[in-house]
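So the structure is just underneath, and the comments pick up after that.
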Amino acid sequence: MSIENTKTPPPMRWVPSLYLASGLPFYAVALIAGLMYKSMGVPNDQIAHWTGLVGLAWVFKSLWSPFLEAAGSKKMLVVIFQLTGGVSLGLLALSLQLPAYFAISIALLGVVAIASATHDIAADGLYMASLSNNQQASYAGWQGAFFNAAKFITLGPLVYLAGYLEKSLPPAQAWTIIFAIMGVLLFGLGLYNSWSLPGTKNRESKASVHSIFVTLQDVIVEFFKKPGIWLAIVFIILFRAAEGQIQTIGPLFLREAKNLGGLGLTTDQVGTAYGIAGTIAFLGGSILGGYFASWLGLKRALPWLILAMNTPNLAFFFLSSSLPESMTVITAALAFEMFGYGFGFVGLILFIMQVVAPGKYQTAHYALGTGVMQLGFVFFKTISGDIQVALGYQNFFLWVLLSAIPVLVMTRFVSFGDSAKGDEEGSSKAAPEGMAKTAEA
């Protein structure tokens, strides 16, 4: 289906706001919800179970993405799902005052997740339909910067504000204010984008649901016919084994009381150390990791990227063993861990882009590959709470370090196809685009 661009406004008028609106609901579900539930006394295993299940929306979004092509306007879809996400976050804020807040808030997080995942499809489609190839490359950095700016805003200043409010208000009231702010921000972005986004319209008749379904079926069949695809799928899933667990339990450990094996930090201290310093370190690691992979080539760089992503998890083992009082030591350890996470995660994006995606349906297969990537994160996120409860924090972080060994071993056996041959050319071209939204996965 071809798309006709109606008068395209300057990209800097809408690209930042479009991807800030992509990041806000994602981080609200992936990170902020867990900290909120921790403050309200929900056990770690329940937090991991339910926030993990909600994350399945991003796993399966590629399955309904072709059906969005039947919509008359991508701009309309983007605005609708931004407004839906904003209203849902506002309702979630109100639900925290109810006796059955947990069940209601989880259901609303599910609505936020589905709206956000669907919004991402429409947003990326609008971005590609509205900009030339050169423009897409030029603004990829802004795309990634503002998606990750949402992480900085939510996990930094908003978590800090939550901690400040918790000193004078009950946790439910404090977090009601935080989620209300996020809802207003997202709804406001939806209103702004209803004016700023370029309009697109379909020039041809809409494809039938049947023809879309047939194409989707062919996309899936061709994906699983790729040589070595099952080994690649296992590799992608295991790549996120340690990360899915550490990113879920790590922030909860920071908040846990010292007599229960945690660091006993206040919410505002977590916002400063993990949200602000950690996010800056993550972005720096992501940029350097992209240059490293471009310089060395994917096949040679991948083992080092896996080590870089997982070895810094020693920071959490150190923190759980020594329980330091110094915020300087804690902040430095968390920055070290987040830098390594950003540096190494580039390897997985490039593996999907250069090894899994190429072929007849490159864009669709890239989307399926990132769905498998999210499945790995969700699976290990969901079981992480049970493992931590069974092992305790110190042994859990040791287990996380061991979880990285299988994927490191698999680099010796997984096929790199044509990517190894084209490392000198391909990785340098693909890295900037693949880097744009590494945190979303």
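FYI, the numbering just counts along the sequence from 1. In what follows, every heavy atom counts, from backbone to side chain, and hydrogens, waters and symmetry copies are set aside.
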When every non-hydrogen atom of Ala33 is compared with those of Thr51, the smallest separation belongs to CB-CG2, 4.4 Å
Does the pair Asp218 and Val214 meet the rule for a side-chain contact (heavy atoms from CB on, under 4.5 Å), with working shown? CA-CA 6 Å; Asp218 192 41; Val214 170; 5.7 Å; no
Exercise for review: Assign the ring pair Phe292 / Phe343 to parallel, tilted or perpendicular, where the plane angle (0 to 90°) is split at 30° and 60°.
Suggested key: tilted
One should read off an interatomic distance between Leu185 CG and Met182 CE, to the nearest 0.5 angstrom, of 9.0 Å
When you measure from the side chain of Arg255 to the backbone of Leu265, do you find a donor-acceptor pair of N or O atoms at a distance under 3.5 Å?
yes
(message) Do Ile153 and Leu20 make a side-chain contact, defined as non-hydrogen atoms from C-beta onward lying under 4.5 Å apart?
(response) yes
Note: Thr411 and Ile306 closest approach over all heavy atoms is CG2-CD1, 3.4 Å
Is the backbone of Ala367 close enough, under 3.5 Å, to the side chain of Thr370 for a donor and an acceptor to pair up by distance? yes
Between Ile276 and Gly156 the two heavy atoms that sit nearest each other are CG1-CA, 3.8 Å
Q.
Applying side-chain contact (heavy atoms from CB on, under 4.5 Å) to Leu91 and Val111, what does each step give before you reach the verdict?
A. CA-CA 11 Å; Leu91 292 174; Val111 176; over 6 Å; no
Nearest heavy-atom contact between Phe336 and Ala315 is CD2-CB, 4.3 Å
### Message
Is any side-chain heavy atom of Leu18 closer than 4.5 Å to one of His119?
### Response
yes
- Item | Leu35 vs Thr267 side-chain heavy atoms within contact, under 4.5 Å | no
Value for CG (Leu348) from CD (Glu243), rounded to nearest 0.5 Å, stands at 8.0 Å
Around atom OH of Tyr101, are there more than 12 heavy atoms of other residues, nucleotides or ligands at under 6.0 Å? yes
TODO: Please examine the side chains of Arg240 and Gln247, heavy atoms only from C-beta on, and report whether any two atoms are closer than 4.5 Å.
DONE: no
| Taking it one step at a time, do Val355 and Val414 satisfy side-chain contact (heavy atoms from CB on, under 4.5 Å)? | CA-CA 10 Å; Val355 178; Val414 73; 5.9 Å; no
Output for pair (Thr84 OG1, Leu186 CG), nearest 0.5 Å, gives 9.0 Å
*Does Leu296 reach the side chain of Trp304, with side-chain heavy atoms less than 4.5 Å apart?*
yes
When every non-hydrogen atom of Thr154 is compared with those of Ile32, the smallest separation belongs to O-CD1, 3.4 Å
Notebook entry, point to check: If we only count heavy atoms from C-beta on, is the Ile246 to Phe397 side-chain gap below 4.5 Å?
Noted result: yes
Legend entry - Any side-chain heavy-atom pair of Leu314 and Phe318 under 4.5 Å: no
* Just checking, any donor-acceptor pair under 3.5 angstrom between side chains of Tyr37 and Ser105? -> yes
| Under 3.5 Å donor-acceptor, Lys258 side chain and Gly264 backbone | no
Please check: side-chain N/O of Ser116 versus main-chain N/O of Val112, any donor-acceptor pairing under 3.5 Å? no
CG of Leu96 to CE of Met36, rounded to nearest 0.5 Å, is 5.0 Å
All heavy atoms of Ala241 vs all of Ser403, minimum pair found to be CB-O, 4.0 Å
field: Full working for side-chain contact (heavy atoms from CB on, under 4.5 Å) between Asp268 and Val159
entry: CA-CA 6 Å; Asp268 53 323; Val159 170; over 6 Å; no
Could you list the donor-acceptor pairs under 3.5 angstrom formed by side chains in residues 40-50, with sequence neighbours left out?
from  : atom 1 : to     : atom 2 : distance (Å)
Asn44 : OD1    : Lys38  : NZ     : 2.8
Asn44 : ND2    : Gln388 : OE1    : 3.0
Asn44 : ND2    : Tyr393 : OH     : 2.8
Gln46 : OE1    : Trp50  : NE1    : 3.2
His49 : ND1    : Asp45  : O      : 3.4
His49 : NE2    : Asp386 : OD1    : 3.4
His49 : NE2    : Asp386 : OD2    : 2.6

Can you check whether Leu108 reaches Ser95 side chain to side chain, under 4.5 Å on heavy atoms?
yes
For residues 223-235, run the donor-acceptor check on the side chains, cut-off 3.5 Å, and write out each pair with its distance to 0.1 Å, sequence neighbours left out.
from   : atom 1 : to     : atom 2 : distance (Å)
Lys226 : NZ     : Val356 : O      : 3.1
Lys226 : NZ     : Pro358 : O      : 2.5
Lys226 : NZ     : His365 : ND1    : 3.4

| For the ring pair Phe239 and Phe351, is the centre-to-centre distance below 6.0 Å? | no
Donor-acceptor contact present, side-chain Ser320 to main-chain Phe316, <3.5 Å: yes
So CG of Leu283 and NZ of Lys151: to nearest 0.5 Å the spacing works out to 7.5 Å
**Message:** If you take the centroid of each ring, where Trp contributes its six-membered ring, are Phe282 and Phe152 closer together than 6.0 Å?
**Reply:** no
Distance col, row Leu334:CG vs Leu319:CG, nearest 0.5 angstrom, shows 6.0 Å
query: Strictly under 6.0 Å, is that where the ring centroids of Tyr19 and Tyr127 end up?
result: yes
